[in-house]
Amino acid sequence: MYTAIIFLPLLGALIAGFLGPWIKDLGAQLVTCGALLLSAVLAVVAFVEVAIGGQPRTIELASWITSGSFDASWSLRWDTLTAVMVLVVTVVSSMVHVYSIGYMSHDDSKPRFMAYLSLFTFAMLMLVSADNLVQMFFGWEGVGVASYLLIGFWYHKPSANAAAIKAFVVNRVGDFGFALGILGIYLLFDSVSLDVIFAAAPEKAGTVMSFLWMEADALTVLSILLFIGAMGKSAQLGLHTWLPDAMEGPTPVSALIHAATMVTAGVFLVARMSPMFEYAPTALAVVTVVGAATAFFAATVGTCQNDIKRVIAYSTCSQLGYMFFALGVSAYSAAIFHLMTHAFFKALLFLSAGSVIHALHDEQDMRNMGGIWRKIPFTYAMMWIGSLALAGIPFFAGYYSKDLIIEAAWASHSGVGHFAFWMGITAALLTAFYSWRLLFMTFHGKPRMDQHTLEHAHESPPSMTVPLAVLALGAVISGFVGYDVFVGTQMDAFWGASIKVLPENNTIEAAHHVALWVKILPIGVAAAGISLAYIAYILKPELPAMFVARFRPLYLFLLNKWYFDELYDWLFVKRAWQIGRWFWQGGDRAIIDGFGPDGISMVARWCAGQAGRLQTGYLYHYAFAMLIGVVALVSWYLAFGG
Amino acid sequence: MDQTWLLPLVTFLPLVGAALILVSRGDAEQVATSARYLALWTSLITFVLSLLIWVLFDPTTADFQMVETVAWIPGSSIAFSMGVDGISLFFVLLSTFLTPICVLASWDAIKTRVQEYMIAFLVLETMMVGMFVALDIFLFYIFFEAVLIPMFLIIGVWGGARRVYAAFKFFLYTLAGSVLMLIAILTIYFQSGTTDIQQLMAFGFAPEVQTWLWLAFFASFAVKVPMWPVHTWLPDAHVEAPTAGSVILAGVLLKMGGYGFLRFSIPMFPEASEMFAPLIYTLSVVAIVYTSLVALVQEDMKKLIAYSSVAHMGFVTIGMFTMTTQGVEGSIFQMLSHGIVSGALFLCVGVVYDRMHTREIAAYGGLVNNMPRYALVFMVFTMASVGLPGTSGFVGELLILVGAFQANTWLAALTATGLVLGAVYMLYLYRRVIFGALEKEQLKALLDLNRREIMVFAPLVLLVIWMGVYPSSFLDMMSVSVDNLITNYKVALGETGTALAAR
């Protein structure tokens with residue numbers, strides 16, 4: 001069963017991918033959805049056995065790369081962390097699969113799409129169930145490729161192709177760090193197996209290793225290298241640029257990969273490696289600062305975007321920031337808890353946005369929407385639920401997880417923790433603001449689309465609305481249902497050995513006892529954010545324009561996403577092409593070939609030409625040369641020979 | 001050790017096939033057809049026989065196996081001696097595996113002088129296999145040089161527009177190195193009194209002699225690999241060579257340099273190898289970064305893949321000179337993987353070249369619309385080239401990086417930049433050729449892979465996945481030999497290299 005959960009999606013992908021022309025669209029959809037639903041049901045059983053029942057296990061499959069003492073095998077590690085992740089991934093993925101039947105009904109290559117989705121799910125499951133770092137890297141890169149294929153799914157669009165490459169390459173930059181981290185871990189621990197690493201981490205604390213130019217604490221260096229990998233995958237500040245562009249992919253993809261699952265792989269990685277990060281406080285501080293900065297940065301950008309999917313994409317980026325600073329203050333279980341609730345409500349938001357886009361004939365610009373809430377009331381309700389959960393309004397899922405993170409940051413009583421706290425509070429305000437801005441711009445006010453589109457706006461088919469309802473259920477109840485086991489009273493028994501927190505870092509325990517104002521403040525700013533949006537987009541719709549006119553530089557700065565893309569394009573892309581051209585024309589052609597083969601053959605040709613000129617054909621020239629020769633020879637003999 | 005007949009049989013069977021093609025008679029069309037079939041069957045039988053080497057190979061010993069020795073030149077120690085160990089085994093298989101694929105790939109593409117073309121390929125196969133199994137340094141030299149002749153002809157006769165320039169550049173570069181190697185071989189003979197490779201490995205040359213001998217061999221092997229800055233013959237040779245020629249060039253000929261380092265430079269001149277390792281590292285890292293960037297700006301598909309070959313071979317040379325188990329095994333594995341993957345990529349280029357007769361990237365775009373099978377195959381090899389886990393490319397690169405990290409973290413970090421750059425130029429190529437809208441009129445009529453082409457690609461795809469998912473079938477065969485190589489290397493340094501160790 002444990003193996004089947006992981007490999008069923010692969011089977012579905014292979015059947016849909018290779019037999020697509022024979023089993024037709026419907027066959028491919030049935031096979032992949034069936035495999036995923038079965039996988040999800042089994043995942044529930046596995047969750048009960050492993051996490052609730054407290055029976056972690058490891059399943060050896062086959063050997064993989066063995067070379068000297070380097071040994072990475074194919075094996076599945078099932079502990080609580082894995083069970084939680086598998087459950088989230090299979091449930092959200094199966095919902096997205098079903099949703100795709102409706103959403104992609106007008107597309108020509110449905111089997112291909114379903115195959116990619118299932119392939120992605122398989123890679124993601126391999127990632128979360130890996131027993132060693134190399135296998136995790138397999139899943140890690142596998143989801144990267146699936147994401148590349150899905151972003152570029154509409155390959156006739158140049159922008160989609162560009163976004164796909166960007167996603168893959170930026171992720172590769174992160175993977176560069178991850179790979180170096182794996183190498184370093186092997187050098188330090190003489191193993192890449194998680195069990196060995198976790199067992200040996202305490203005694204390796206304080207070891208010094210030389211890395212590049214520095215002599216540094218080994219665990220700190222290695223943890224930061226792994227975190228660079230996590231930054232790439234989870235779109236943290238600096239390596240975030242690919243995520244908004246990834247919205248070029250079909251909306252179900254955005255929901256599954258770029259909101260609920262793949263982008264949380266970085267969070268999972270850090271949580272998984274918690275037995276190592278716990279002994280690297282400097283690395284944890286780095287994680288906190290980057291996470292907090294991302295939460296703030298992405299929230300600011302989210303307030304100014306006009307593409308409905310991009311707003312949600314920046315919101316994802318920002319929420320991932322929350323998860324990271326939770327990890328940074330050692331509140332790993334809170335981060336995973338938020339990962340789970342976020343997976344539900346963000347998938348819900350994306351799929352609802354997809355429903356809006358579907359209703360309005362592929363319109364994504366919110367400036368061309370408005371006033372359609374009567375036309376698609378169900379979608380409207382779903383969007384409300386998702387937004388309430390996102391903003392952390394009491395008793396929705398986000399309230400339980402997000403507030404706990406903010407409280408844990410405060411409770412850590414460290415400088416970086418307080419920085420994260422204030423960043424988190426600011427971001428919470430902005431989150432509520434842009435969420436309701438989105439709601440008001442999309443559903444309220446005067447309709448701004450053309451008459452034809454408005455008349456044909458329609459509610460989505462059941463294959464799309466049923467998954468929305470399931471996810472909405474998750475967005476409402478997953479918070480208070482999961483609270484006790486994930487982060488409450490039963491927390492220690494639930495997580496078992498899968499997450500390690502040193503006693504002095506137990507911020508979750510401390511978070512339950514923070515001052516009242518810390519608990520109330522997040523709700524307060526959320527309410528403030530909603531009110532602000534209500535004022536700006538319902539009561540006084542002229543306000544945003546005035547603001548833009550008044551603070552134009554700030555607006556442009558935010559609209560252009562802090563100019564990261566422009567900077568990177570100028571700094572890396574342009575330079576790489578320039579240097580490449582120079583190496584090719586200057587290095588290879590002019591210098592190496594010029595002084596090498598071409599130069600030598602030119603010299604040889606010149607010499608031959610000169611030598612050729614000696615052969616004049618005149619007898620007296622030859623006779624004269626002979627005479628000179630004889631004279632020289634005789635003189636030499638007379639001078640030295642005697 | 002009963003199967004002494006096997007290696008000579010595998011080596012010289014292609015020559016028999018070549019002789020049969022030579023004597024076949026009939027009108028031109030008949031001769032061409034019979035040449036194709038004879039070449040295909042000969043190379044297939046050779047391949048099956050070579051599989052027997054793998055089956056009979058005993059992975060528990062580092063000794064040479066299936067050794068056949070016949071006295072050859074009287075009055076000297078030069079003998080006709082052949083054998084395989086865990087290092088050479090897979091290179092033999094690589095050669096015999098790629099030859100039938102090349103024959104099949106040339107089936108329709110070569111229309112003139114088919115008879116001579118097939119003969120050249122079979123002769124080439126004999127020379128390649130002979131070189132990998134030779135146990136006498138003089139015999140090795142003969143095969144090593146003789147490989148050049150059929151390759152020179154293949155480029156020069158069946159090549160593209162600038163084939164003569166390319167053929168001469170190729171020949172000059174490689175010959176310049178070879179001359180120095182011949183001198184070195186003579187020196188070795190006069191110093192040690194033997195040409196037997198096994199005895200030479202145990203001989204122990206004086207350190208100052210080692211330096212010069214190492215440099216002489218380096219001159220020859222570095223050109224073959226090719227290492228920066230003596231790589232410029234490769235793009236030209238690839239661009240002008242016919243598709244199958246490029247496949248063998250990338251698949252096997254480049255591996256001759258790497259094999260040479262492992263067979264001669266490292267075991268025979270351990271102290272010099274250690275001394276020059278930083279030189280190798282530097283040149284290889286430069287190769288990775290430099291040629292990756294150059295690959296980025298290429299407008300010719302074959303040139304792009306040729307430059308990527310230089311970068312990938314940079315990984316190989318780094319791995320072997322780290323002299324760690326992972327590094328050396330990784331570099332052998334990477335050579336095998338690169339042989340298959342880059343060979344397959346050249347075949348991919350050949351598919352569209354046969355249809356469109358241009359290699360210019362800008363002439364393509366949107367091929368996924370009418371050639372989905374081709375797009376899939378190309379994607380598999382692109383990903384293998386990028387080093388995606390689950391394909392053969394990953395295993396080699398990872399092991400090499402593991403080795404490099406143990407040697408020096410700077411080395412590992414700089415080498416790993418190849419992972420990022422490799423992704424950039426390969427995906428950029430793929431996007432321009434395969435993705436996009438199908439707008440160019442001439443492209444709309446292109447047909448997807450036909451049955452013959454599927455037969456060419458299917459074994460390559462399966463092998464790439466097999467090597468990526470279960471590399472143990474290959475790594476287990478070589479591990480004892482590699483360990484032996486490293487042990488001997490360490491012993492040699494430990495015994496005579498106390499001065500070196502003090503550094």
Side-chain angles (χ1 to χ4, degrees), chain A residues 17 62-70 74 112 134-135 137-142 144-145 148-149 152 155-158 160-162 164-165 168-169 172-173 175-176 179-180 182-184 186-187 209-213 576-577 579-581 583-584 587-589 591-593 596-598 600-601, chain B residues 168-169 172-173 229-233 235 290-298 307 324-326 329-330 366 368-369 379 383 386 388-390 394-395 398-399 401-402 404-406 409-410 412-413 416-417 419-421 423-424 427-428 431 434-438 469-472 475-476 479 483:
Chain A
S63 74
W64 186 21
I65 305 175
T66 319
S67 171
S69 67
F70 187 92
W74 294 110
R112 186 165 64 94
V134 183
Q135 189 183 330
F137 196 68
F138 168 85
W140 193 266
E141 293 271 277
V145 170
Y148 162 78
L149 291 171
Y155 47 71
H156 49 86
K157 280 165 58 181
N161 289 325
I165 293 187
F168 195 86
V169 171
R172 268 273 158 142
V173 175
D175 296 350
F176 168 84
L180 284 180
I182 295 176
L183 303 178
Y186 171 69
L187 190 65
M209 77 186 288
S210 68
F211 181 75
L212 301 187
W213 63 91
W577 252 262
I579 294 170
R581 225 173 283 282
F583 276 160
W584 182 31
D588 266 23
R589 289 259 172 95
I591 298 176
I592 297 176
D593 274 357
D598 293 354
I600 289 169
S601 56
Chain B
F168 271 100
K169 201 168 173 184
L172 283 178
Y173 254 121
V230 286
H231 64 280
T232 59
W233 63 272
Y290 178 107
T291 53
S292 294
L293 288 170
V294 174
L296 201 59
V297 296
Q298 295 306 307
Y307 275 110
T324 55
T325 312
Q326 292 84 26
E329 286 188 6
V368 65
N369 293 292
M379 174 54 78
M383 285 302 159
V386 167
L388 185 77
F394 173 69
V395 180
L398 178 78
L399 288 175
L401 285 171
V402 169
F405 202 93
Q406 291 169 43
T409 49
W410 273 107
T417 57
L419 298 180
V420 181
L421 294 169
V424 179
L427 292 182
Y428 187 53
R431 171 194 169 181
I434 303 289
F435 286 152
L438 188 63
V469 175
Y470 197 72
S472 296
L475 291 172
D476 289 350
S479 66
D483 282 343

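A, B, ... follow the sequence lines: proteins, then strands. Residue 1 opens every chain.
- Between the side chains of A/Y186 and B/Q406, no donor N or O sits under 3.5 Å from an acceptor N or O.
- Among the candidates B/F405, B/Y428, B/Y173, B/Y470, the residue making the largest number of heavy-atom pairs closer than 4.5 Å to chain A is B/F405.
- Distance check: B/M379 CE to B/L427 CG gives 7.0 Å after rounding to the nearest 0.5 Å.
- No side-chain donor from either of A/S67 and B/T325 sits under 3.5 Å from a side-chain acceptor of the other.
- B/Y307 contributes atom OH, which lies 7.5 Å from atom OG1 of B/T232 (distance to the nearest 0.5 angstrom).
- Among A/V145, A/V169, A/L183, A/V134, the residue with the largest count of heavy-atom pairs under 4.5 Å with chain B is A/L183.
- For the set B/S479, B/G366, B/G436, B/A437, the count of heavy-atom pairs under 4.5 angstrom toward chain A peaks at B/G436.
- Atoms CG and CG, on B/L401 and B/L419 in that order, are 6.0 Å from each other to the nearest 0.5 Å.
- With a threshold of 4.5 angstrom between heavy atoms, A/I182 does not approach chain B through any atom at all.
- Note: A/R581 CZ to B/L293 CG = 11.5 Å, rounded to the nearest 0.5 Å.
- Of the listed residues (B/L399, B/L438, B/I434), the one with the most heavy-atom contacts under 4.5 Å to chain A is B/L399.
- Shown here for B/E329 and B/L475, the closest heavy-atom pair between the two residues is OE1-CD2, 3.8 Å.
- In this structure, the portions of A/F70 lying under 4.5 Å from any heavy atom of chain B include both its backbone and its side chain.
- Highest contact tally toward chain A, considering only B/D476, B/V420, B/V469, is held by B/V469 [criterion: heavy-atom pairs under 4.5 Å].
- In this structure, chain B has no heavy atom under 4.5 Å from any part of A/A160.
- Proximity to chain B (any heavy atom under 4.5 Å) is shown, for A/W213, by both the backbone and the side chain.
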(message) Walk me through whether A/F137 and B/F394 qualify under ring pair (Phe, Tyr, Trp, His ring centres under 6.0 Å).
(response) CA-CA 10 Å; A/F137 196 68; B/F394 173 69; 5.7 Å; yes
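- Contacts between B/T417 and chain A at a heavy-atom distance below 4.5 Å involve backbone atoms as well as side-chain atoms.
- When heavy atoms are compared at a cutoff of 4.5 Å, A/I65 approaches chain B by way of both its backbone and its side chain.
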